[in-house]
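Remarks on the structure that follows.
Since this is a predicted model, take the numbers as computed values, not measurements. Heavy atoms only: backbone and side chains are in, while hydrogens, waters and symmetry mates are out. Throughout, a chain's letter reflects where its sequence line sits, starting with A, and its residues are numbered from 1.
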Amino acid sequence: MKIYNTFSKTKEEFVPLNPPNVSFYVCGPTVYDYFHIGNARSFVMADIARKYLEFKGFIVNFIMNITDIDDKIIKKSINEKKSTREIADFFTAAFKEDLKRLYIKPATLHPKATEHIEDIVLMIKQLIEKGYAYEVDGTIFFDISKFKDYGKLSGKNLEELEAGSRIDINENKRNPLDFVLWKKAKENEPEWDSPWGKGRPGWHIECSAMSCKHLGETIDIHAGGNDLIFPHHENEIAQSEAANGKKFVRYWMHFGFLNFQNEKMSKSLGNFFTTREILSKYSTEAIRLFFSQTHYRGPLNFSEELLAAAEKGADKIRNFALRINEELSKDLQEDGYPDFKIKSFYDEFTIAMDDDLNTPQAVATIFNFMREVNKVLDSGTKVNSKFLEDVKKFMKDTAQNVLGIVNFEKLTSNKKEALDDKLIEILIEIRQTLKKEKNYQLADIIRDRLNELGIVLQDKKEGTSYIRK
RNA sequence: GGCGGCGUAGCCAAGUGGUCUAAGGCGAAGGUCUGCAAAACCUUUAUUCGUCGGUUCGAAUCCGACCGCCGCCUCCA
């Protein structure tokens with residue numbers, strides 16, 4: 001299997017440090033708000049990468065951090081007159097809920113910054129001892145001039161960075177590009193004790209400390225959005241490698257942006273849709289299909305039209321799954337395995353995914369597979385349960401357990417659930433007409449049949465309403 | 001200014017030297033099936049891959065120039 005490594009800018013054969021184990025770290029959210037559908041793209045693609053590694057037989061230790069203390073959380077806590085903890089806890093819960101609705105497999109662990117202050121302080125201490133960091137009045141900075149590889153991941157050149165720098169000159173910094181490891185506490189802000197007085201960790205250090213603690217000094221895969229390459233991941237490399245003296249990450253994976261009207265979707269631009277908003281209109285399967293139909297490194301434009309098209313595609317897969325289940329429920333004969341090579345579809349799927357997670361190609365394989373199976377079923381050939389079980393297994397192994405574009409355990413879409421109410425309204429309307437025509441027999445059939453489904457009609461003067469039993 | 005990416009059918013999008021007269025999805029047209037539908041299936045929908053040159057027996061794929069779009073260089077998935 002090949003993975004594109006941002007560090008080398010080439011596709012590399014993936015070989016973990018300690019097979020079959022894989023250590024996988026993904027930069028998670030700062031919990032100050034609901035995450036948007038652009039963030040969801042990264043989380044879903046990381047989930048697909050993780051699940052495909054598991055499909056290949058790897059045992060993945062999947063860590064996704066939660067940044068639960070930072071400027072934005074503090075700002076929100078002041079605006080809403082709540083503690084930073086309340087804000088963080090609320091949005092952490094919302095985050096986990098949304099991940100679940102996106103069919104994202106729970107991480108092995110979601111470490112929180114505030115629960116790793118000791119580890120962070122320890123790492124900063126090491127950096128100071130080794131001469132990579134310096135203190136100015138209770139604040140600790142990383143001295144990038146001491147780390148000779150700085151800029152290697154992002155391809156930045158230090159002189160040019162400084163020349164074109166838009167960073168405010170901080171009098172305390174030796175170099176404008178030096179970054180904060182530990183922030184001196186301000187009044188009314190959360191604070192923790194440290195050898196340099198009260199304060200709180202800078203943003204970059206938590207990932208270095210937590211990934212080291214939970215995955216070790218050298219990890220196999222570190223993933224995140226394209227916008228994290230610089231400075232966040234560059235800084236992580238500097239901190240981790242300076243402190244540990246070892247290679248930090250073996251494969252760097254970065255996800256392309258989700259754009260809206262050709263511009264990067266982001267909180268600061270305000271051109272975003274929250275994931276929950278989108279989940280209320282489109283099925284998880286459609287959202288994941290939408291993401292899977294584009295390669296993870298490229299840009300992807302978001303629009304409701306495209307999502308609606310993906311929903312149609314998801315419907316097609318859903319119909320297929322329903323058909324297989326229906327066939328399986330019939331009385332089946334022992335023999336009747338058609339001339340059909342499921343293995344070749346597994347091969348095609350694997351070849352596609354092995355090539356730097358070519359999900360569009362993998363999706364195409366699944367659609368081709370469904371068409372071929374439908375042809376067999378349409379031909380009227382008797383098929384046995386073994387064949388149908390194999391078909392179902394293929395769909396579960398690939399479309400469900402890796403891509404997450406179908407769910408045999410839940411073969412209705414969110415959209416369809418939302419449709420239920422409208423459908424009942426239509427039945428009530430028809431029944432109203434029947435009543436006017438005094439066709440009470442049919443009207444009663446509608447009422448009785450709905451009743452059997454747990455929907456109780458109530459005829460009142462002002463019209464018909466209904467309740468669910 | 002520096003670094004990186006992108007431009008393939010009506011739309012989305014794989015493919016990155018020959019099997020490409022280019023996968024798959026959505027849409028559209030016609031057909032099979034059906035009482036009519038739906039679902040499914042079949043056929044059609046790019047001789048062409050931003051433009052112009054070049055390399056090559058051969059290019060969507062490599063090189064050069066140009067045009068257009070986007071991202072990072074500040075918090076950001």
If we take the [atom1] atom in both [N] and [M], what is their distance in whole Å?
{"N": "B:U43", "M": "B:C66", "atom1": "C1'", "value": "42 Å"}
{"N": "B:C20", "M": "B:U74", "atom1": "C1'", "value": "45 Å"}
{"N": "B:A9", "M": "B:C52", "atom1": "P", "value": "15 Å"}
{"N": "B:U45", "M": "B:A22", "atom1": "P", "value": "9 Å"}
{"N": "B:A37", "M": "B:U19", "atom1": "C1'", "value": "42 Å"}
{"N": "B:U44", "M": "B:A59", "atom1": "C1'", "value": "28 Å"}
{"N": "B:C75", "M": "B:A14", "atom1": "C1'", "value": "35 Å"}
{"N": "B:C11", "M": "B:G64", "atom1": "P", "value": "30 Å"}

What is the separation between atom [atom1] on [X] and atom [atom2] on [N], rounded to the nearest whole Å?
{"X": "A:Leu289", "N": "B:G24", "atom1": "CG", "atom2": "P", "value": "15 Å"}
{"X": "A:Phe369", "N": "B:G25", "atom1": "CZ", "atom2": "P", "value": "15 Å"}
{"X": "A:Leu228", "N": "B:C75", "atom1": "CG", "atom2": "P", "value": "11 Å"}
{"X": "A:Leu307", "N": "B:G25", "atom1": "CG", "atom2": "C1'", "value": "13 Å"}
{"X": "A:Asn157", "N": "B:C3", "atom1": "CG", "atom2": "C1'", "value": "9 Å"}
{"X": "A:Phe291", "N": "B:A13", "atom1": "CZ", "atom2": "P", "value": "13 Å"}
{"X": "A:Ile229", "N": "B:U74", "atom1": "CD1", "atom2": "C1'", "value": "16 Å"}
{"X": "A:Lys152", "N": "B:G2", "atom1": "NZ", "atom2": "P", "value": "23 Å"}

I need the minimum non-hydrogen distance between [X] and [Y], along with the two atoms involved.
{"X": "A:Asp89", "Y": "A:Lys112", "answer": "OD1-NZ, 4.3 Å"}
{"X": "A:Cys27", "Y": "A:His232", "answer": "SG-CE1, 3.5 Å"}
{"X": "A:Asn325", "Y": "A:Leu411", "answer": "OD1-CD1, 3.5 Å"}

Residues A:Asp356, A:Arg297; criterion side-chain contact (heavy atoms from CB on, under 4.5 Å); working and verdict
CA-CA 10 Å; A:Asp356 192 31; A:Arg297 279 191 281 120; 2.8 Å; yes

Counting only Watson-Crick or G-U wobble pairs whose two distances fall under 3.5 Å, which nucleotide matches [N]?
{"N": "B:A46", "result": "none"}
{"N": "B:U55", "result": "none"}
{"N": "B:G7", "result": "B:C67"}
{"N": "B:G1", "result": "B:C73"}
{"N": "B:A40", "result": "B:U32"}
{"N": "B:A60", "result": "none"}

Which residue is it: A:Phe35, A:Tyr34, A:Phe260? I am looking for the one with a ring pair (Phe, Tyr, Trp, His ring centres under 6.0 Å) to A:Phe273.
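Going through the options one by one, the only one that passes is A:Phe260.
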
Of the nucleotides [options], which has the atom closest to the [X] side chain?
{"X": "A:Pro360", "options": "B:A23, B:G4, B:G15", "value": "B:A23"}
{"X": "A:Pro231", "options": "B:G24, B:A14, B:C75", "value": "B:C75"}
{"X": "A:Lys375", "options": "B:C75, B:C41, B:G71", "value": "B:C41"}
{"X": "A:Phe257", "options": "B:G71, B:G24, B:A13", "value": "B:G71"}
{"X": "A:Arg371", "options": "B:G24, B:G27, B:A40", "value": "B:G24"}
{"X": "A:Ala309", "options": "B:A39, B:G25, B:C26", "value": "B:C26"}
{"X": "A:Asn319", "options": "B:A23, B:A40, B:C12", "value": "B:A40"}
{"X": "A:Lys312", "options": "B:C26, B:G24, B:C75", "value": "B:C26"}
{"X": "A:Phe230", "options": "B:C73, B:A14, B:G4", "value": "B:C73"}
{"X": "A:Asn262", "options": "B:C69, B:A14, B:G24", "value": "B:C69"}

By the 4.0 Å heavy-atom rule, please label [X] as base, sugar-phosphate, or nothing.
{"X": "A:Met265", "value": "base"}
{"X": "A:Gly38", "value": "base"}
{"X": "A:Asn358", "value": "sugar-phosphate"}
{"X": "A:Gly298", "value": "nothing"}
{"X": "A:His36", "value": "base"}
{"X": "A:Ser154", "value": "sugar-phosphate"}
{"X": "A:Arg323", "value": "sugar-phosphate"}

Report yes if a side-chain nitrogen or oxygen of [X] is closer than 4.0 Å to either non-bridging phosphate oxygen (OP1 or OP2) of [N]; otherwise report no.
{"X": "A:Lys316", "N": "B:A40", "answer": "no"}
{"X": "A:Asn301", "N": "B:C12", "answer": "no"}
{"X": "A:Lys264", "N": "B:C72", "answer": "yes"}

Between A:Ser268 and A:Phe290, name the one whose nearest nucleotide on RNA chain B is closer to the 5' end.
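Nearer the 5' end of the strand: A:Phe290.
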
Does A:Met370 or A:Pro29 map to a spot on RNA chain B nearer the 5' end, using the closest nucleotide for each?
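Nearest-nucleotide comparison on RNA chain B picks A:Met370.
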
Taking the side chain as C-beta and beyond, is there a heavy-atom pair between A:Leu102 and A:Phe43 under 4.5 Å?
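No, every pair of side-chain atoms sits at 4.5 Å or beyond.
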
Run the ring-centre check on A:Phe345 versus A:Phe340 and record whether the distance is less than 6.0 Å.
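They qualify: ring centres under 6.0 Å apart.
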
Identify all side-chain donor-acceptor contacts of residues 72-80 of chain A below 3.5 Å with residues at least two apart in sequence or on another chain.
| unit_1 | atom_1 | unit_2 | atom_2 | d |
| --- | --- | --- | --- | --- |
| A:Lys76 | NZ | A:Tyr32 | O | 3.3 |
| A:Ser77 | OG | A:Ile74 | O | 2.8 |

Does a salt bridge link A:Asp397 with A:Lys51, judged by any charged N lying under 4.0 Å from a carboxylate O?
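Looking at A:Lys51 together with A:Asp397, the answer is no, because their closest N to O distance does not fall below 4.0 Å.
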
